[in-house]
Amino acid sequence: QAQLVESGGGSVQAGGSLRLSCAASGYTASSVYMAWFRQAPGKEREGVAAIRTGSISTDYTDSVKGRVTISQDTAKNEVYLQMNSLKPEDTAMYYCAAASAGRAYYTLLDSRRYIYWGQGTQVTVSS
């Protein structure tokens with residue numbers, strides 16, 4: 001059974017750090033692209049960062065560049081999101097997503113590219 005399980009969310013003060021983890025199992029373990037998305041209340045889901053499995057190729061949304069790093073451990077089938085210098089506007093539910101090689105007409109940060117989704121982990125940043 002394809003499954004993505006996120007962990008690592010929590011509440012921090014502005015300027016703090018969090019490291020999110022996503023464990024992939026089943027079919028998702030062989031996905032070509034992995035990504036993190038976030039959705040704040042009343043807002044659309046936004047692509048935060050993406051990585052091509054087994055490579056150093058990454059993509060980030062402008063608002064997190066320089067503060068956020070996506071990485072992976074292919075041996076563990078895990079993807080991570082290290083978030084530093086957190087801001088209140090980073091507050092959202094964060095989701096892990098996986099995609100195959102298809103749907104290449106969508107960008108890496110477009111949610112329509114991704115087939116598998118986790119249940120999300122909440123990140124709350126207070127000022």
Proximity of Tyr106 and Tyr114 rings by center, below 6.0 Å: no

Decide yes or no for Val64 and Met83: does some side-chain heavy atom of the first lie under 4.5 Å from some side-chain heavy atom of the second? no

Residue pairs, two or more places apart or on separate chains, that pass side chain to side chain donor-acceptor pair (under 3.5 Å) and touch residues 91-105: Arg38-Tyr94

Show your reasoning for whether side-chain contact (heavy atoms from CB on, under 4.5 Å) applies to Cys22 and Glu78. CA-CA 5 Å; Cys22 173; Glu78 294 186 351; over 6 Å; no

Among Thr124, Val123, Val125, side chain to side chain contact (heavy atoms under 4.5 Å, CB included) partner for Val12: Val125

Would you call Gln13 and Ser127 a side-chain contact if the rule is heavy atoms closer than 4.5 Å? no

Taking the side chain as every heavy atom from C-beta outward, state whether Tyr60 and Ile70 have any pair of such atoms under 4.5 Å apart. yes

To the nearest 0.5 angstrom, please state how far the OG atom of Ser85 sits from the CG atom of Asp90. 9.5 Å

Any Tyr80 side-chain heavy atom under 4.5 Å of Met34 side chain: no

Of all heavy-atom pairs linking Pro88 and Ser126, the shortest is CG-C, 4.5 Å

Are the side chains of Cys96 and Trp36 in contact, using a 4.5 Å heavy-atom criterion? yes

When rounded to the nearest 0.5 Å, the distance separating OG of Ser57 from CD1 of Ile51 is 8.0 Å

Under 4.0 Å between a Lys/Arg side-chain N and an Asp/Glu carboxylate O for Asp110 and Arg113? no

For Gln119, does the CD atom have more than 12 heavy-atom neighbours from other residues, nucleotides or ligands under 6.0 Å away? no

With heavy-atom distances below 4.5 Å as the criterion, would you say the side chains of Leu20 and Glu6 are in contact? no

Is there a donor-acceptor pair closer than 3.5 Å between any side-chain N or O of Gln72 and the backbone N or O of Arg52? yes

What distance do Gln39 atom CD and Ser111 atom OG have between them, rounded to the nearest 0.5 Å? 9.0 Å

Report the distance from atom CG of Leu109 to atom CG of Asp59, rounding to the nearest 0.5 Å. 4.5 Å

Spell out, as yes or no, whether a donor-acceptor pair under 3.5 Å connects the side chain of Thr61 to the backbone of Val48. no

Measure the spacing between NZ of Lys87 and OG of Ser63 and express it to the nearest 0.5 Å. 8.0 Å

ILVMFWY cluster, Ile115 and Val79 together (side-chain gap under 4.5 Å): yes

Leu81 versus Thr69: any side-chain heavy-atom pair under 4.5 Å? no

What distance separates Lys43 NZ from Met93 CE, expressed to the nearest 0.5 Å? 15.5 Å

